[in-house]
There are 2 protein chains.
Amino acid sequence: MDAKPYSHVIEMLRGASLRPTRQRIALAKLLFDDGHRHVTAESLHADAQEAAIRVSLATVYNTLHQFTEAGLLREIVVDSQRCYFDTNTENHHHFFCEETNSLQDISGEDVVLSKLPAPPEGKTIKRVDVVVRV
Amino acid sequence: MDAKPYSHVIEMLRGASLRPTRQRIALAKLLFDDGHRHVTAESLHADAQEAAIRVSLATVYNTLHQFTEAGLLREIVVDSQRCYFDTNTENHHHFFCEETNSLQDISGEDVVLSKLPAPPEGKTIKRVDVVVRV
DNA sequence: GTGATTGCAAATCTTTTGCACTAAA
DNA sequence: TTTAGTGCAAAAGATTTGCAATCAC
């Protein structure tokens with residue numbers, strides 16, 4: 001497997017006004033170099049350890065939240081005990097297997113909501129999340 | 001406001017093979033006597049304190065889970081930091097206001113999913129949850 | 001150099017657990 | 001009496017925070 005260059009993640013970070021530090025670059029490469037991923041802070045920290053990247057768990061948490069605020073990641077709520085983050089930020093939904101605690105993307109086109117109620121007075125719909133529990 | 005009798009919650013508990021103890025009866029009355037409610041363990045514990053019901057937080061947690069297993073409550077996942085429980089166990093969905101952390105029911109008929117993908121190999125759909133974030 | 005970022009350890013918050021005590025049957 | 005249920009305090013697990021050390025610019 002070819003190691004990809006650093007330039008593209010550095011660009012991405014600069015674009016998000018995030019200083020391209022060693023830790024952020026390494027985590028961004030883990031997250032974005034191999035197609036879409038679903039991670040938790042713990043799992044990404046473990047991946048980093050395995051890849052011999054020295055980064056603390058606190059920094060992983062901070063980084064995941066900064067990336068999410070910058071729109072590079074999306075937080076998925078499927079379990080009230082753990083935060084999941086998705087590198088796919090397009091309109092889409094999820095299968096969640098409660099047995100293995102694993103997520104699988106459902107493309108936006110494969111779910112059609114043909115009826116939806118109006119939001120409560122004075123509110124605007126920010127997002128509609130569909131979770132199919134299997 | 002008329003105090004309702006105890007008999008109906010005692011029946012309900014017996015029906016669920018749960019011994020009708022003082023604490024369970026009191027919590028069941030708080031939960032089911034006034035229409036549908038959305039609670040967290042903390043909020044129900046606070047309600048109990050206010051109603052001068054002596055019950056520990058651990059018992060509130062245990063009770064909420066027992067009620068959920070018995071099908072009297074349903075757990076709703078909208079926030080990865082906290083568990084919410086809904087006294088409405090019918091097919092329905094939710095608005096979730098991220099500003100106030102409050103839930104509002106959407107009746108089952110008001111959401112129509114006209115397209116849904118097939119579940120992954122060997123899996124069965126257990127439930128489809130739609131959360132409209134406002 | 002200067003201010004942003006990091007690491008660590010401690011703190012926080014929600015939830016669970018172990019065990020002696022109490023109460024329903 | 002017998003066994004399920006409860007309370008408390010301690011433990012556990014996820015996440016956040018404070019602050020000194022380090023790094024990007």
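Every chain is numbered from 1, with letters handed out A, B, ... down the list of sequences.
Straight-line distance from the CG atom of N62(A) to the P atom of dT6(C): 8 Å, rounded to whole Å. Rounded to an integer number of Å, the gap from CZ of R54(A) to P of dC23(D) is 8 Å. Per the geometry, CZ belonging to R19(A) stands 11 Å off P belonging to dG3(C), to the nearest Å. Whole-Å rounding puts the L13(B) CG to dA24(C) C1' distance at 13 Å. Whole-Å rounding puts the Y61(B) OH to dA10(D) C1' distance at 15 Å. Residue R22(A) contributes atom CZ, which lies 15 Å from atom C1' of dA4(C) at whole-angstrom precision. Atom CG of L27(A) is separated from atom C1' of dT5(C) by 13 Å (rounded to the nearest Å). Protein atom OH of Y84(B) is 10 Å distant from nucleotide atom P of dT15(C), rounded to whole Å.
Comparing S80(B) and V60(B) by the nucleotide of DNA chain D whose heavy atom lies nearest to each, the residue mapping closer to the 5' end is V60(B). Sequence order on DNA chain C of the closest nucleotides to H65(B) and L57(A) puts L57(A) first from the 5' end.
In this structure, T21(B) does not reach the dA23(C) phosphate: none of its side-chain N or O atoms is under 4.0 Å from OP1 or OP2. Regarding contacts with the backbone of dT6(D), a side-chain N or O of Q23(B) is found under 4.0 angstrom from either OP1 or OP2. A sub-4.0 Å separation between OP1 or OP2 of dC25(D) and a side-chain N or O of R14(A) is present. Side-chain nitrogen and oxygen atoms of T59(B) include none within less than 4.0 Å of the OP1 or OP2 phosphate oxygen of dT6(D).
Here R37(B) pairs with D47(B) in a salt bridge; the nearest charged N to carboxylate O distance falls below 4.0 Å.
No side-chain donor-acceptor contact under 3.5 Å links H36(A) to the backbone of D105(A). A distance-only check finds a donor-acceptor pair linking the side chain of H92(A) to the backbone of E90(A) [under 3.5 Å].
When heavy atoms are screened at a 4.0 angstrom cut-off, H45(A) is found touching no nucleic acid atom at all.
Checking dT14(C), dA9(D), dT17(D) against every side-chain atom of E42(B), the shortest atom distance belongs to dT14(C). Taking the side chain of A41(B) as heavy atoms from C-beta on, and the options dG5(D), dT15(C), dG7(D), the nearest nucleotide is dT15(C).
Defined by atom type and a distance below 3.5 Å, a donor-acceptor pair is present between the side-chain atoms of H8(B) and D33(B). No hydrogens or angles considered: a donor-acceptor pair under 3.5 Å links the side chains of H94(B) and D86(B).
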